[in-house]
There are 4 protein chains.
Amino acid sequence: MRLKDDNKKDAIFEATIQLINEVGYENVSMSKIGRKAGVSPSTIYVYFENKEDMLKKVYLESKMKFAWGMIRGIRNEDSVRQVAFQLVKNVLDYVQENESYFLFTEQFADSPLMRDLDMSEINKIFGPIYEIVERSQKEGILKQLPPELLFAFGYYPVTQFAKGKLRLDVSFSQMDIESLQQMFWDAIKV
Amino acid sequence: MRLKDDNKKDAIFEATIQLINEVGYENVSMSKIGRKAGVSPSTIYVYFENKEDMLKKVYLESKMKFAWGMIRGIRNEDSVRQVAFQLVKNVLDYVQENESYFLFTEQFADSPLMRDLDMSEINKIFGPIYEIVERSQKEGILKQLPPELLFAFGYYPVTQFAKGKLRLDVSFSQMDIESLQQMFWDAIKV
Amino acid sequence: MRLKDDNKKDAIFEATIQLINEVGYENVSMSKIGRKAGVSPSTIYVYFENKEDMLKKVYLESKMKFAWGMIRGIRNEDSVRQVAFQLVKNVLDYVQENESYFLFTEQFADSPLMRDLDMSEINKIFGPIYEIVERSQKEGILKQLPPELLFAFGYYPVTQFAKGKLRLDVSFSQMDIESLQQMFWDAIKV
Amino acid sequence: MRLKDDNKKDAIFEATIQLINEVGYENVSMSKIGRKAGVSPSTIYVYFENKEDMLKKVYLESKMKFAWGMIRGIRNEDSVRQVAFQLVKNVLDYVQENESYFLFTEQFADSPLMRDLDMSEINKIFGPIYEIVERSQKEGILKQLPPELLFAFGYYPVTQFAKGKLRLDVSFSQMDIESLQQMFWDAIKV
DNA sequence: AATGAATGAGAATTCATTCAT
DNA sequence: GATGAATGAATTCTCATTCAT
């Protein structure tokens, strides 16, 4: 009996992400993924129930990776201003270092396929940040608004800006980073 | 010889948008679109070169509609603060009044299909706004940053927030609107 | 616009029956049927919903043909003995003249696929026979048993006997026919 | 080295029959059979050459079982009338007590898969019956016809009748049994 | 212009069988 | 002997597009 080979699963993950970024979801077939991953298309069905199951799992893993990237280096005792600046920096770093993972998730963000996924595991990762926000709101440093609204200004403009740069194949300047950090901070601080 | 019938073209546009929102892009076929539009699938090829051509045209038209919605009621003589507030309001109004058009464009925003589209016609619509921004930067009211960066804070957080609400099928409160307006303004003003 | 071509439908019917007799149900694929019928496999889907739908329709049509063959030449004023003899003769004639249709239906008689088919249309064809049976039972000529039980002795031994002969590729002698008729009659008469 | 395990072989037999009755031949795969039998699909290949070989062996074994069931309790010194009545009774009893075996064989009776099987072993079981028939024909009790023709009236109407009852999930009444016995007897006796 | 029939190409998936342990 | 992983070959079915009218 052969043992299940984790390399194969990883190769399928990687091939899926690369291919979808290269040719778009609508042009990705199981046999193309298999070919790129170096396995038979039917082997994919040893590791996943079907195409949808596979895509969802790749998506969740990518999101999880992103979440860990976002909170990297943030400590509970940091000032909320520091945290805000760090978040923006982390997002930009992650996007740049994990371009293909990032673009893959963006392409599925609005797909009906990814509705109703259980994101609770991922959201838990942001627990510490929520605590800092709450504390800072009590201290009167942050606007008294739902945290989601505050996050929105640190996440969406940053990722969309980054996406534009990736498409043009240019990297971010130090000034870009500082501008985004400052604007985020101005948006959420009292 | 009958003339090409604009009603039919419109029916095809509308059917495409509705269908894609209902069942997702991957489940939309030319014959389903034809059926919903009340025409034969082959009739679609009288009006469009092929499926891709059609989707691109529907996408561009939707984006155009959105652009007009965004600058609605904005006049050159308005203060930039007024303009900023109006933009946020316009986005939210448009999204709410044109849900299916909006969701359709969002679903394709990151699709490789829509890469390399000529958006210059659409960008022209924002000409007056660019002028106001430039003027305000000279007057020292707005941060001295690329306009795209400024816009990013008035567009992405707002649309993503709106999308979340649409998914939950709830509308925006007056406080939601004011919060988004104020945060946008705080982010871009000096 | 091309018109639907009844020849194509017939060709598909015929090809299905021939193929299933030649290689068995488990080895018949839509593409083999298409090839034999001289059409593309996808053309079959213009005429039928799917494989199951097609098989059911071919089955029902074959059964209908058989039913008409069974009552051929039987008139209400015939004596029940005459009718019984005629039925046996008709079955044998039909089987011999429509070997492929007959063998096709036999192969599906016990298939789960053909459960729950609406046979009412077909059963109606036997209405006149039922009347004769009823009449004869009142007259004390036939055994007082459910008609299905009576029919069973005129149908199953005859078809199964015929099937055996077909397999050996021999035809029925006059004596075979007369024996089956007499045995049927002895079984059901009082 | 372990020995081939008859329990496993039996489990595979049983699983095959149950599964085919439950979901139909077209939906039965080697791995489903393995799962139901509690063995790996590849284990089946230890006991059988391939799927076809396995099905044929299961079929032959089932037929053998049926044959033994049919001659149960019949002794050479019984009168032929007794024998005829007993045969009908035996068939009905067997069908009722071994529903899944019986339905399994019926489903394959006309399948090309089961053509060209060597049934001589099974036919030998009926030797004693043939002797009784021959004797009775000499004594002028039975019609002077090929035994197969005589058997046909004791076997096919009975099994088909029984199958109809099984489908409706009802059992046979004493009157059903007696009717079938009497009709069989009337059909074959002089 | 309009259309329903027709189809080649390709999709996801299944499966009997073999492989490696 | 026993097994789960692996796969080539095949299956059903869909679909964008073209054809013939």
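Computed from a predicted model, the values in this text were never measured in an experiment. Within every chain, numbering begins at 1; the chains are lettered A, B, ... in the order of the sequence lines, protein sequences first and strands thereafter. These numbers come from the heavy atoms of this one structure, side chains and all, not from hydrogens, waters or symmetry mates.
Out of E/dA6, E/dT3, E/dA1, the shortest distance to the side chain of B/Val39 is found at E/dT3. The nucleotide whose nearest atom lies closest to any side-chain atom of B/Ser40 is, among E/dA5, F/dT7, E/dT3, E/dT3.
Contact between the side-chain N/O atoms of B/Thr43 and the OP1/OP2 oxygens of E/dT3 is found at a separation under 4.0 Å. Between A/Lys8 and F/dA6 there is a side-chain polar atom (N or O) within less than 4.0 angstrom of OP1 or OP2.
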Letter per nucleotide, 5' to 3', of nucleotides 10-16 of chain F [B base touched, S only sugar-phosphate touched, - untouched; heavy atoms, 4.0 Å]: -SSBBBS
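The ring of A/Tyr25 has its center no closer than 6.0 angstrom to the ring center of B/Tyr25.
Between the side chain of A/Thr43 and the main chain of A/Val39, no donor-acceptor pair closer than 3.5 Å is present. Under a 3.5 Å cut-off, the side chain of B/Asp53 and the backbone N or O of B/Phe48 do not form any donor-acceptor pair.
With rounding to whole Å, B/Lys9 atom NZ is found 14 Å from E/dA1 atom C1'. Atom CZ in A/Phe48 sits roughly 16 Å away from atom C1' in E/dT13 (whole-Å rounding). Atom CD1 in D/Ile12 sits roughly 12 Å away from atom C1' in F/dG1 (whole-Å rounding). E/dA11 atom C1' lies 14 Å from atom OH of B/Tyr25, rounded to whole Å. The distance between atom CZ of D/Arg35 and atom P of F/dT3, rounded to the nearest whole Å, is 14 Å. Between B/Tyr47 atom OH and F/dT17 atom P the separation is 18 Å, expressed in whole Å. A straight line from CG of D/Leu113 to C1' of E/dA16 spans 14 Å, rounded to a whole angstrom.
Under the ring-ring contact (aromatic ring centres under 6.0 Å, His included) test applied with B/Phe104, the options B/Phe108, B/Phe102, B/Tyr101 reduce to a single match, B/Phe108.
Side-chain contact between B/Met119 and B/Asn123: present, with at least one pair of heavy atoms (C-beta onward) separated by less than 4.5 Å. Residues C/Val95 and C/Leu166 are in side-chain contact: their nearest non-hydrogen atoms beyond the backbone lie under 4.5 Å apart.
Shown here, F/dT18 forms a base pair with E/dA5; the pair counts as Watson-Crick or G-U wobble because both key distances fall under 3.5 Å.
Using modelled atom types, one finds no donor on one side chain facing an acceptor on the other under 3.5 Å when comparing D/Gln18 with D/Glu22.
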